[in-house]
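Position 1 is the first residue of the sequence; numbering continues from there. None of these values were measured; they are calculated from a predicted model.
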Amino acid sequence: MQYVKELDGIRAVAILLVMLFHAGSPFAKGGFIGVDVFFLISGYLITSILISNRQLTQKKHYIEFMANRCIRLLPALIACILLYLVLSQFIWTDYQHHIRDSLLSLLYITNYTYPAFDAPYFLRHTWSLALEFQFYLIWPLAVYLLTKRSTKESILILMITYSVISILRSQVALDHWENAYFHLETRSSGLILGSIIAFYMKSYPVPALPAWTSWASIIGLCYISFTTEWGDAQYLTTSLMLGEILGATLLISSITIKSPNLILSNPTMIYIGKISYGLYLYHYPVMLYLRNHFDWPYTLALSLPIAFIAAIISYHTIEKWASNCRKKQMLLPRKTLT
């Protein structure tokens, strides 16, 4: 699968919105829309991999596929949690559930445990990692069944699935906002939409979108981030769907556009996108601690250097090592997995 540098640029936009939100910025009260942009990219990439490598849906290759996902994701997560366990003994001495929270994060179930009983607390951001991992567990079989049908039928089934998830989320959000926000069955619509794009682009030519569409999509995502607030039922009904459409437009334009977007193709943004996994892992506990002591500008100013240093170290050591392990084991080519 050909590497598209603008996808890392999109990741950069997403992680920056998320970090602004977690820092408590009044200009990104809805910056959690960035998570849905990550879901879109993941749904597109994973589905493209599975379509291109249909043998991955067989039992033996399914195990290899999941092993690759674990090698890609677990080492950096384990390192982050080990560091958290050490530092928490000095920083959050009154909290007694660090080990429990770490285990919940490693088991990839925090998208259910957090809305159920507020655990984990300092690692609650791992909910999105849990949701994606749960998606990886079931999606190879789903793609296998879909590829038995025509592309039009597969896309229709996925569109119905997307609609059902969106409607279900809207209904659940009325009484249980956090369940609607965190659960796989109500929040995986972005992953499904990314999968729809993958199925369509594998079978049909997609004309290059006008250059203004990528700029409009970025502006639209920033507007949603500025105007939405945590706990807003409207976000899980209309705003999220609008954000997914804007993210999908940004994704398609980045893949098809002939003249690159100046933001998404900027080398700094591309690098931020490359280290976005580490940034996501490390920024939240740091910001959670600092925002209890400082206003958001100081929280952001103090946490960004820490998060970036940790992410850079993680990317060039642990994540590179994990990538080399995958290549040595000859599981899947590196470019199809990043």
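The number of heavy atoms from other shown groups lying within 6.0 Å of CD1 (I99) does not exceed 12. Within a 6.0 Å sphere centred on OH of Y223, heavy atoms belonging to other residues, nucleotides or ligands number 12 at most. By the neighbour-count criterion of 12 heavy atoms within 6.0 Å, atom CZ of R149 is sparsely surrounded, having that number or fewer from other residues, nucleotides or ligands.
For R187 and Y181, the positive end sits near the middle of the six-membered ring, less than 6.0 Å away and at most 45° from its axis. A cation-pi arrangement, defined by a distance under 6.0 Å to the six-membered ring centre and an angle within 45 degrees of its axis, is absent between R291 and F294.
A donor and an acceptor atom, one from each side chain of E6 and S265, are nowhere located under 3.5 Å apart. Judged purely by distance below 3.5 Å, without hydrogens or angles, the side chains of S105 and T110 never pair a donor atom with an acceptor atom. There is no side-chain donor-acceptor pair under 3.5 Å between S195 and Y162. Between the side chains of S203 and K152, no donor-acceptor pair of N or O atoms lies under 3.5 Å.
Here the side chains of I224 and L242 are in contact, with some heavy-atom distance below 4.5 Å. Side chains of Y95 and S88 form no contact here, defined as non-hydrogen atoms less than 4.5 Å apart. In this structure, Y204 and T151 have side chains that are in contact, with non-hydrogen atoms separated by less than 4.5 Å. Using a 4.5 Å cut-off on side-chain heavy atoms (C-beta onward), K29 and S225 make no contact. The closest side-chain heavy-atom distance from M201 to T256 is below 4.5 Å. Using a 4.5 Å heavy-atom cutoff, the side chains of L236 and S170 are not in contact. Looking at heavy atoms from C-beta onward, W230 lies in side-chain contact with F21 at the 4.5 angstrom threshold. Side-chain contact between F308 and S303 is absent, with no heavy atoms from C-beta onward closer than 4.5 Å.
How far OH of Y280 is from CD1 of I275: 16.0 Å, rounded to the nearest 0.5 Å. Separation of atoms CG (L131) and CD (E185) is listed at 9.0 Å; rounding is to 0.5 Å. To the nearest 0.5 Å, the span separating CZ on F38 from CG on L129 amounts to 10.0 Å. Distance OH/Y144 to CD1/I51: 15.0 Å, rounded to 0.5 Å. Taking OH of Y298 as the start and CG of L300 as the end, the distance is 12.5 Å to the nearest 0.5 Å. Taking CH2 of W212 as the reference point, atom CG of N261 lies at 13.5 Å (rounded to 0.5 Å).
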Give the intermediate values and the outcome of side chain to side chain contact (heavy atoms under 4.5 Å, CB included) for residues M66 and F133.
CA-CA 9 Å; M66 289 308 303; F133 195 84; 3.7 Å; yes

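Centroid-to-centroid, the aromatic rings of W127 and Y114 stay 6.0 Å apart or farther. Aromatic ring centres of F32 and Y235 lie closer together than 6.0 Å. The distance between the ring centers of H97 and Y121 does not fall below 6.0 angstrom.
By the 4.0 Å N-to-carboxylate-O rule, R124 lies too far from D118 to be salt-bridged with it. Looking at D8 and K5, no side-chain N of the basic residue comes within less than 4.0 Å of a carboxylate O on the acidic one, giving no salt bridge.
Using modelled atom types, no side-chain atom of D232 and backbone atom of T228 make a donor-acceptor pair closer than 3.5 Å.
Cluster membership for I218 and L262, using ILVMFWY side-chain heavy atoms within less than 4.5 angstrom, is shared. Hydrophobic clustering (ILVMFWY, side-chain heavy atoms < 4.5 Å, transitive): L146 and M159 are in one cluster.
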